[in-house]
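All values reported here derive from a predicted model rather than from experimental measurement. The figures here come from the full heavy-atom set of this structure, side chains too, leaving out hydrogens, waters and symmetry mates. In what follows, chains carry the letters A, B, and so on, assigned in the order in which the sequence lines appear, proteins first and then strands, with residues in each chain numbered from 1.
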Amino acid sequence: SQQGEEDPQALSIQEGENATMNCSYKTSINNLQWYRQNSGRGLVHLILIRSNEREKHSGRLRVTLDTSKKSSSLLITASRAADTASYFCATAPRDNYGQNFVFGPGTRLSVLP
Amino acid sequence: GAGVSQSPRYKVAKRGQDVALRCDPISGHVSLFWYQQALGQGPEFLTYFQNEAQLDKSGLPSDRFFAERPEGSVSTLKIQRTQQEDSAVYLCASSLARGGSYNEQFFGPGTRLTVL
């Protein structure tokens, strides 16, 4: 069963706008990661945020983590058509020694030119 | 350098057939994961290897599913007596260190299995 839930399930925006996706999870975690998947490149790692971190940036990506609410958000600024893809959050449960990994169902982002 | 590769990329099987899916991780990567991804869903964890040791197989859906990594590099996922509900994309991922989900994972392109 999947632990994470992304919100919204689908998002459609215009090129240049910002896109925000949210993720909730259920158990204590070691870290939370965001991945992107499109038909051309498969699943690609975007960013990892550890449980003792609150915010992380990578280029046009900004991730926040609130462990008290068991939630995370991914912000993509100045979106491009090439950002069209499905975005997944995934969590490493704290007590599984890095041997397990739980993905959410994903947010399908469409960036219109 | 070479990434994670999987073969075959596509497999069509008749219900009841056995299939074997191969994963070649990045050279030197200690951790290896297998996932099952149904259409429109996120990947679901199947099993985890640290070198040749299968440390977590809690996600394998039935005893028809078997995975191995005998020399700590190439891994094979075998599905016996395939059923239609086994139709999915099977993804393999590797990570440099042990405790693979504590770090970035590198995914292969997947094998799309269709069971008729």
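- If you measure heavy-atom distances from Leu48(A) to chain B, the contacts under 4.5 Å come from the side chain alone.
- Nearest approach of Gly98(A) to Phe33(B), heavy atoms of both residues: O-CZ, 3.6 Å.
- More than 12 heavy atoms of other residues, nucleotides or ligands lie within 6.0 Å of CG in Leu116(B), so this atom counts as buried by the packing criterion.
- Using a 4.5 Å cut-off between side-chain heavy atoms of Ile, Leu, Val, Met, Phe, Trp and Tyr, with links allowed through other members, Leu32(B) and Ile26(B) fall into different hydrophobic clusters.
- The minimum heavy-atom distance linking His45(A) with Gln105(B) is given by the pair CB-O, 4.1 Å.
- Side chain of Asn100(A) to backbone of Ser101(B): no donor-acceptor contact under 3.5 angstrom is found.
- Surrounding CD of Glu71(B) are at most 12 heavy atoms belonging to other residues, nucleotides or ligands under 6.0 Å away.
- Put simply, Phe65(B) and Phe49(B) are part of the same group of oily side chains (I, L, V, M, F, W, Y) that touch within less than 4.5 Å, one to the next.
- Contacts between Phe88(A) and chain B at a heavy-atom distance below 4.5 Å involve the side chain alone, from C-beta outward.
- Taken together through direct or relayed side-chain contacts under 4.5 Å among Ile, Leu, Val, Met, Phe, Trp and Tyr, Tyr35(A) and Leu91(B) form part of one hydrophobic cluster.
- Contact of the Val102(A) side chain with the Phe45(B) side chain is not registered, since no non-hydrogen atoms from C-beta on lie closer than 4.5 Å.
- Looking only at distances, a side-chain donor or acceptor of Gln33(A) sits under 3.5 Å from a matching main-chain atom of Asn103(B).
- For Thr47(B), no part lies under 4.5 angstrom from a heavy atom of chain A.
- With a 4.5 angstrom heavy-atom cutoff, Gln9(A) does not touch chain B via any of its atoms.
- Remark: side-chain polar atoms of Arg98(B) are not paired, donor with acceptor, to backbone N or O of Tyr97(A) under 3.5 angstrom.
- Residue Gln99(A) holds its CD atom at 13.5 Å from NZ of Lys57(B), rounded to the nearest 0.5 Å.
- Residue-environment remark: CZ (Arg54(A)) exceeds the threshold of 12 foreign heavy atoms within 6.0 Å.
- Annotation: the span from Ser95(B) atom OG to Phe101(A) atom CZ amounts to 9.0 Å, rounded to 0.5 Å.
- Residue contact with chain A, scored on non-hydrogen atoms closer than 4.5 Å, involves the side chain of Tyr35(B) exclusively.
- Residue-environment remark: CZ (Arg64(B)) exceeds the threshold of 12 foreign heavy atoms within 6.0 Å.
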